[in-house]
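Next up is a structure, given as structure tokens.
We're numbering straight along the sequence, starting at 1. All of these numbers come straight from a predicted model, not from anything done at the bench.
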Amino acid sequence: MLSGMNVIRDLVGVDFPLFAFSHCRDVVAAVSRAGGFGVLGGSTFTPDSLEAELRWIDDHVDGKPYGVDILVPEHQFDTGGMTIAQLAEHLPAEHREFLAHLLKEYDVELRLDDGGHSDVPPATSPEIGEQLMDVAFKHPIRLIANALGIAPDWMIERGKSEGVAVAALVGAKEHAIRQVNAGVDLLVAQGTEAGGHCGEVSTLVVVPEVVRAVRKVRDVPVLAAGGIMTGAQMAGCMAMGAAGAWTGSVWLATPESEVSETFREKLVAASSRDTIRSKARTGKPSRQLRSAWHEAWEGPDSPGSLPLPLMSILSTPAFSSIDRAADAGSPKARELVSYWVGQGVGLIDSVKTCAQVVQDFMEEYAGAVERLPTLVD
């Protein structure tokens, strides 16, 4: 048993340090029940809907530990106190028109009730972030995490007072040092291979770089993230000094995940070269499955991506409508289907349950650890 496992066990109460980030409550509960640590991505929820999701997880996790990730960007977009619906009214006409022409070209009818515009502030706003955190702390969470900058003081202070570990995602050693000085309990060193918002440095480089850098400041455990799809990769990252693995994309191919059936089919068929790091979904660079959406928004006729959260407000109902049309059998709509996924997608070749994925990770990890001593004989 590696010492890193003991550190994570003491911090969040899980024996096998496989963290599973997902926007789907079914994945979170299934992974925790199977012996991993599920983390619910809370940025897509309102305070009321997050409360409902966490109440469901409490009832289905069998008392196993889990966590929540909320998104509070360090550099905020000034919304002027407007709600999502009010911000939507201020979307530039040229962007609305470009989207309308694009969807028409691919036989997609835009319906705002498909993940449409609500009368609440964006989930990335500080006020919603605090409200989401208040909801999370009403439940028996063992971890709360933040991405896109320094974890807010109020999150770190609340975590310490509640006895809940505070984690932060970083993509460079200088960011890691700032987070450690701010007081976080756990770092996730995320390489550019990762799905979603990510930096430019590879996992193989950023993990040991962060481990080495923070060791000089304070003893903070580091989880490796970015392209990790197997237990052998997890073992390799732990050999570099990581205390465990933070994963996301590998859970998208499970039947429990939130993705559309069309996307799941495209994901299983994709290679590692089929992803793109683009601003064309949220306004910040994030890795997604490449589709006709990206060709259009990054093409010569595009008005360009809007900043966060405006691009998300534009794209969210569009992608819900795209998925609906594609799942209904539209071959043109299928060309637009996309979702966040990392370069490790090339290692996914079938649909497996969350429990099976956890079991595979455990077996592959054990096999890799057993092989290591034979390499130095």
- Message: Restricting to non-hydrogen atoms, name the atom on A176 and the atom on V210 that form the minimum distance, rounded to 0.1 Å.
- Response: CB-CG1, 3.7 Å
- Message: The test is side chain to side chain contact (heavy atoms under 4.5 Å, CB included); show your working for Q179 and L187 and say whether it passes.
- Response: CA-CA 8 Å; Q179 294 282 10; L187 288 171; 3.7 Å; yes
- Smallest heavy-atom separation, S291 atom then K266 atom, equals CB-NZ, 4.3 Å
- Can you find a heavy atom in the side chain of V28 that is under 4.5 Å from one in the side chain of V39?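 When only atoms from C-beta onward are counted, V39 and V28 do not touch, as no gap falls below 4.5 Å.
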- Heavy-atom pair of closest approach, residues L289 and V341: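 Answer, listing the atom of L289 first, then V341: N-CG1, 3.7 Å.
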- Query: When you check the gap from the basic side-chain N to the acidic O, do E174 and R178 get nearer than 4.0 Å?
  - Reply: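 Not counted as a salt bridge, because no side-chain N and carboxylate O are separated by less than 4.0 Å.
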- Message: Nearest 0.5 angstrom please: R287 CZ to C198 SG, how far?
- Response: 5.0 Å
- Message: Side chains of E193 and T203 only: does a donor on one sit below 3.5 Å from an acceptor on the other?
- Response: yes
- Message: Please tell me whether Y365 and E370 have a donor and an acceptor in their side chains that are separated by less than 3.5 angstrom.
- Response: no
- Task: Identify, with sequence neighbours excluded, every residue that meets ring pair (Phe, Tyr, Trp, His ring centres under 6.0 Å) alongside F361.
- Result: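 So F361 forms no ring pair (Phe, Tyr, Trp, His ring centres under 6.0 Å) with any residue.
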- Task: State the CD1-CG distance between I144 and D69, to the nearest 0.5 angstrom.
- Result: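 Taking CD1 in I144 and CG in D69, the distance rounds to 8.5 Å.
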- Query: Which salt bridge (charged side-chain N to carboxylate O under 4.0 Å, His left out) pairs, counting each pair once, include a residue from residues 342-358, with sequence neighbours left out?
  - Reply: K352-D360
- Item | side-chain contact (heavy atoms from CB on, under 4.5 Å) partner of Y66, the single match among D58, L40, L143 | D58
- Item | Sequence-distant partners of H23, ring pair (Phe, Tyr, Trp, His ring centres under 6.0 Å), two or more places apart |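 H23: ring pair (Phe, Tyr, Trp, His ring centres under 6.0 Å) contacts with F21.
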- Task: Considering only NZ, NE, NH1 and NH2 on the basic side and carboxylate oxygens on the acidic side, decide whether E261 and R264 come within less than 4.0 Å.
- Result: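 So E261 pairs with R264 through a salt bridge.
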- Query: Any salt bridge between R290 and D274, counting N to O under 4.0 Å?
  - Reply: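 Salt bridge flag = no for D274 with R290.
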- Identify which one of W246, F19, F16 satisfies the ring-ring contact (aromatic ring centres under 6.0 Å, His included) criterion when paired with F37. F19
- Query: Can you tell me how far the CG atom of L103 sits from the CZ atom of R111, to the nearest 0.5 Å?
  - Reply: 13.5 Å
- Message: With clusters defined by side-chain heavy atoms of hydrophobic residues (ILVMFWY) lying less than 4.5 Å apart, directly or transitively, does I276 cluster with L252?
- Response: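 Different clusters: L252 never reaches I276 through Ile, Leu, Val, Met, Phe, Trp or Tyr contacts under 4.5 Å.
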- Could you grab the distance from atom CZ of R55 to atom NZ of K138, nearest 0.5 Å is fine?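 So the CZ of R55 and the NZ of K138 are separated by 10.0 Å.
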- Task: Check the side chains of S286 and W340 for a donor-acceptor pair under 3.5 angstrom, ignoring hydrogens and angles.
- Result: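 Yes, side-chain donor-acceptor contact under 3.5 Å.
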- Does the side chain of T262 come under 3.5 Å of the side chain of D327 through a donor N or O and an acceptor N or O?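 D327 and T262 do have a side-chain donor-acceptor pair below 3.5 Å.
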- Task: Apply side chain to side chain donor-acceptor pair (under 3.5 Å) to T46 and S49, showing your working.
- Result: CA-CA 5 Å; T46 65; S49 62; 3.1 Å; yes
- Query: For residues H197 and Q190, is any side-chain donor paired with an opposing acceptor at under 3.5 Å?
  - Reply: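 Per modelled atom types, H197 and Q190 side chains form no pair under 3.5 Å.
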- Item | Salt bridge flag under 4.0 Å for residues E265 and R334 | yes
- Query: Would you call D185 and K160 a salt bridge, taking side-chain N to carboxylate O under 4.0 Å as the test?
  - Reply: yes
- With ring centroids as reference points, do W293 and Y106 lie under 6.0 angstrom apart?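 No, they do not, as the ring centres are separated by 6.0 Å or more.
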- Message: Once rounded to the nearest 0.5 Å, what's the spacing between atom CG of L102 and atom CG of L336?
- Response: 5.5 Å
